[in-house]
Every structure is written in structure tokens, then in C-alpha cells.
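The next block holds one structure in the form of C-alpha cells; read it before the comments.
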Amino acid sequence: MSTRIEGAEPPVILITAKATLAAGTTCLHLTVWQESGNLWRYNLSEQKNTRLAYGKVIMPGHMAALRRAAEICADGYQPGSLERGLLEQFAADPTRS
């Protein structure tokens, strides 16, 4: 049974987007979820570490938020590392020439 409350706001829609980046034995999981409007929280994890990196970005859309988060997270790895390569490749906008 449900009860309608006068003046109640409609339910909130939550958007979550996930990307799995893998090569060889390396597997990273990047997740973004919309906090409000264009504000997104992100979390980068792997099997044994559920919080490698986290933070917030302001972007207009889930794919843009995922790419920006990947770009930020890539800076945490040494140049030439597999992890950085995966994140940089994902962060690259495919529409750029």
C-alpha cells in the first residue's frame, strides 16, 4: 500500500556509469555517479583496492565525467605504466583528430 503525500517531490533519478579497463592481469574499474546537475563523484578501484582514487568533477554528462575522471586518475601513475596507458586511452576523446 502506498500513500500520496500532498506537495511531495517526484522521486530522484540516480545515474551511475561504470567503465572496466583491462589488459593482461591489470583490471581497473572506474565509476561515476551523479550527485546533482553536472556534479559527479568518481571512484577508481581494482580487485584488491576498492579506493585507488576518488573525487568530484563537474561535467555535462556521464561519458564526459568518466573521461575527465580517467584523465585525473591517470596522473597518479608513472608514465609508461599499463594503468596510465589504459586510463589515458579511455580519456582520449574519440571525436578528436
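Just so it is clear, the values below take in all heavy atoms, side chains as well, and ignore hydrogens, waters and symmetry mates.
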- Hey, what do you get for CD (Glu46) to OG1 (Thr20), rounding to the nearest 0.5 Å?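 Nearest 0.5 Å value for the CD-OG1 distance: 13.0 Å.
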- Query: Got a second to check how far Thr16's OG1 is from His62's NE2, nearest 0.5 Å?
  - Reply: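 Result: 11.0 Å between the selected atoms.
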- Got a donor-acceptor contact below 3.5 angstrom from the Trp40 side chain to the Met59 backbone? yes
- Does Asn43 use its side chain to pair, donor to acceptor, with the backbone of Thr50 at less than 3.5 Å?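 Such a contact is found between Asn43 side chain and Thr50 backbone.
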- Task: Test side-chain contact (heavy atoms from CB on, under 4.5 Å) on Val57 and Val32 and set out the steps.
- Result: CA-CA 9 Å; Val57 294; Val32 296; 5.6 Å; no
Answer yes or no: are there more than 12 heavy-atom neighbours, outside [X] itself, under 6.0 Å from its atom [atom1]?
X     : atom1 : answer
His29 : NE2   : yes
Gln89 : CD    : no
Leu39 : CG    : yes

- Message: Working note: Leu82 + Tyr77, criterion side-chain contact (heavy atoms from CB on, under 4.5 Å); need CA distance, chi angles, decisive distance, verdict.
- Response: CA-CA 9 Å; Leu82 187 55; Tyr77 291 95; over 6 Å; no
Could you see if [X] belongs to whatever hydrophobic cluster contains [Y]? Use Ile, Leu, Val, Met, Phe, Trp, Tyr and a side-chain cutoff under 4.5 Å.
X     : Y     : value
Leu66 : Ile58 : no
Phe90 : Leu86 : yes
Leu21 : Met63 : yes

- Grab the two heavy atoms, one from Leu30 and one from Cys73, that are nearest each other, plus how far apart they are.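 For Leu30 and Cys73, the tightest heavy-atom pair comes out as CD1-SG, 4.5 Å.
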- Do you know which two heavy atoms are closest between Ala74 and Glu88, and how far apart they sit?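 Taking every non-hydrogen atom into account, CB-CG, 3.9 Å.
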- Item | side-chain contact (heavy atoms from CB on, under 4.5 Å) evaluation trace for Asp75 with Arg84 | CA-CA 7 Å; Asp75 289 340; Arg84 185 168 182 150; 3.8 Å; yes
- Query: Given Glu83, which of Leu44, Leu28, Leu52 fulfils the side chain to side chain contact (heavy atoms under 4.5 Å, CB included) condition?
  - Reply: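 One option only clears the test, and that one is Leu28.
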